[in-house]
Amino acid sequence: LFSGPAICLLITPFISADPFNQSKMTLLVPCALSIFAIMVTNFKIYLIRNNSIFLILISLFILQLFFVLFFAPAPFNQKFYGTNGRNTGFLTYLSFSIFALSASIISSTRVLRKMALGILGAGLISAFYSTLQTLGLDPIPWANPYNNIIGFLGNPNFASSFLGIFGIVGFSFILQPQLNNRVRAVSVFCFIGNLLLIIRSNSLQGILVLGLGCTIIAFLFLLGTPKLARTAILLPFLGLASIAGSTVGLAMLNIGPLSDLIYKLSVRQRGYYWHAAIEMLKSHPFVGVGFDSYGDWYLSLRSANAAFHTASTNSNEAHNIFLNFGAVGGFPLLTISLLLSIFTLWSVFKYVIRARQYNWAYAGLVGAWLGYIAQGIISINQIGLAIWGWILMGVLVGIEIQSREASHKAVQKSEAKNSLIKERVSVVGRRWKLVAFAGLGGLLTGLILVVPNFRADSSFNSAIEARSAEKIIDAVLLSPHDNKRIIQGVQVLATNGLVDQSKRLLEIVLKNNPRDYNGWELVLKIENTLMKPNPKIVALAKKKMQKLNPEITIK
C-alpha cells in the first residue's frame, strides 16, 4: 500500500543522471525484499490461502529469471540491474514477482478500497504536477525533448498512461450510487481536468487506456446494478463496445474511418520492433538474449523494411511487454507471463460471476489492471507503471481466492483450517521480533544490492555538473559498470578533445559487451577525427558494425 504510490512518484532530480528509473528501482528492491523476508517468517499463510496455481506460476517465473541471469548471452551486470535508463533487469522482475505474490496473500475488500484510494492519491499528485508542467510552472528545469507533460515517469506516453489509470479509478468512484452529490461533482470536475491533461500530453496511449478502462467499468456497473443487469441493456452495450474497439484496433493498423486520426508512423515502427523480438525469441528460445539486452540485437535481427524505412533507428525495448519477455527471457518467460495474465483474467471472471454487485474499488482496480495490460501491448515495462500492474494482478487474484474461501466457510468449516486462521491472526503478535528483524534484514539486503548502482549514477551526474574529466572517468568506472553510462562519459570526453581517455574507456565498454553497437560506432568516429587513424582499428570497427547491423553499408 505504501510502495505502489511511492515507487510511482519517486524521482531524484539534481541527484541522479537518470532521475526516474534509477530512483524507482532503488526503492523497489529493498521494499520487495523486506516484504519477502516477512512472508518467509509467516509461511503458513500459504497453507491457508488456496492459491497454489498462482504460487506455482510465480515460482516458475522466478526460476526462469535465474536461468536467464546465469545462462543468457549478455553482461552479468546488465542482466542483474538492467541498463541505465530502463533498469528492468533481474532485480526489478524479481521484486515485481514478490509484490504480486504478497498482494495475493493480503488481498481483501478492505485492501481493495485502500489500494484504489492509493491510486487516486498518487493520480491527484501526478495530475497536479502535470498541470504545473503544462502551465510552465515546473520547479525542475528538465532537459525535456518531448512536451511539457512528463509527470513523474519521464515520458509523455508513460505520464498519459498513468493519468489514464488514475481516470479509470476516478470514473469507478464517480459511479458509486451512494456517493455524496458534492463529492461526485468535485470528482467529475477532476475527471474532466485529468482528461484535458491526457489530451494535452499529445499521447494516444492515455486515451486508449482511459477509454478501455471506463468501458470495462461501465459494463461492471451495469452488471452489478439489478435494475440495469438485463439482456436488453447488456447486449447492446457489448455490441457497441465491440464495434468501437474493433474500429480503434483497425485504425491503429491504418484501416477504417479513424485511421487518419489514430494511425501514426510510430505504430508501424512498433511492428518492426515486434518482428525483431520474435527473431530474438527464435534465435534464443530457452533463455532469450538477456534482460535489457534487446538493444544489443535489434539492428542485427530487424527486417529489411525496418532498415530501409528507419535506418538510423535503434531501440532497447520491444514495445510489447509480452514479446519483450520472450526476447529477453525465451519461450518459458513469455509463456509464464501470458499464463499469469490469463489466470488473473479468469480470477476476475469468477469473482464477478460470484459477487454480482457493483464494488467501485474492485471495478476500478480491474479497469486499471486491464488498462496497464492494454498500454503494455504497445509500450514498455516502465517501473513506475509496471509496479501497479504486478500489485493489481496479485490483489485481483487474492480477492477471488478470499471470496471462494468465504463461500466455502459458509457451507463447511474445517477445524484444521480454523486453527490455521487463528494462527494467522496471532502470528505477528507472538513473533513480532522475528517479523521485525526479518523485514529489517530484507530492507538492508535490498539497499546493499542497489545503493552501489544508485551511487554510480549519482556520481556521474555530479561529475557532469562539475565539468571535470577526472571525476567523469572515476564516476563511470565505479562498480557496477554500466555501458550506457560509460558511453555517455566517452562522448563528453571525446567532444572536449580527450581522445586517449575516451579510447581507454571504450576498451572497457567493448570488453564488457562486444555487441555494443554504439561502442564500435564511437571507436570509428574517434579514429576518423585523428590526423592519422589506425587502419587496423578502423577496419575492425567497420567489420564489427557490419556484423551487428548487416542491413546497411558502413562507410
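The analysis underlying the following values was restricted to heavy atoms, covering all of them including side chains, and did not include hydrogens, waters or symmetry mates. Note that the numbering runs from 1 along the sequence shown for the chain.
- Here the shortest heavy-atom pairing between S172 and Y358 reads O-OH, 2.7 Å.
- With hydrogens and angles ignored, the 3.5 Å screen pairs a side-chain donor or acceptor of S108 with a backbone N or O of V111.
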Criterion side chain to side chain contact (heavy atoms under 4.5 Å, CB included) on I150 and F20, from CA distance to verdict: CA-CA 11 Å; I150 59 173; F20 298 101; 4.1 Å; yes
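- A127 and L197 make their closest contact through O-CD1, 3.4 Å (heavy atoms, listed as atom of the first residue, atom of the second, distance).
- Across all their heavy atoms, T109 and I399 have their closest contact at N-CD1, 3.5 Å.
- Ring to ring, W390 and F99 are not that close: their centroids are 6.0 angstrom or more apart.
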T12/Q22 under side chain to side chain contact (heavy atoms under 4.5 Å, CB included): CA gap, chis, key distance, verdict: CA-CA 9 Å; T12 51; Q22 191 70 242; 5.8 Å; no
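- Shortest non-hydrogen contact noted between G326 and L334 is CA-CB, 3.7 Å.
- Aromatic pair Y81/F90: centroids not less than 6.0 angstrom apart.
- Counted within 6.0 Å of NZ on K350, heavy atoms from surrounding residues, nucleotides or ligands total more than 12; the atom is thus considered enclosed.
- Contact of the I380 side chain with the N320 side chain is not registered, since no non-hydrogen atoms from C-beta on lie closer than 4.5 Å.
- Classified by interplanar angle (parallel below 30°, tilted 30° to 60°, perpendicular above 60°), the ring pair Y298/Y294 is parallel.
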Criterion side chain to side chain contact (heavy atoms under 4.5 Å, CB included) on V209 and I168, from CA distance to verdict: CA-CA 8 Å; V209 167; I168 291 168; 3.8 Å; yes
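- A 4.5 Å side-chain heavy-atom check between N155 and Q382 finds every atom pair outside the cut-off.
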Worked check of side chain to side chain contact (heavy atoms under 4.5 Å, CB included) between S107 and I401: CA-CA 9 Å; S107 185; I401 293 168; over 6 Å; no
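- Contact between W388 and A122 at its shortest, heavy atoms only, is CZ2-CB, 4.3 Å.
- Under the ring-ring contact (aromatic ring centres under 6.0 Å, His included) criterion, F343 pairs with no residue at all, not counting sequence neighbours.
- Distance alone, capped at 3.5 Å, is enough to place a donor-acceptor pair between the N324 side chain and the A318 backbone.
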Full working for ring-ring contact (aromatic ring centres under 6.0 Å, His included) between F325 and F61: CA-CA 11 Å; F325 276 135; F61 187 87; 5.7 Å; yes
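- For S34 against G439, the heavy-atom pair with the smallest separation is OG-O, 2.9 Å.
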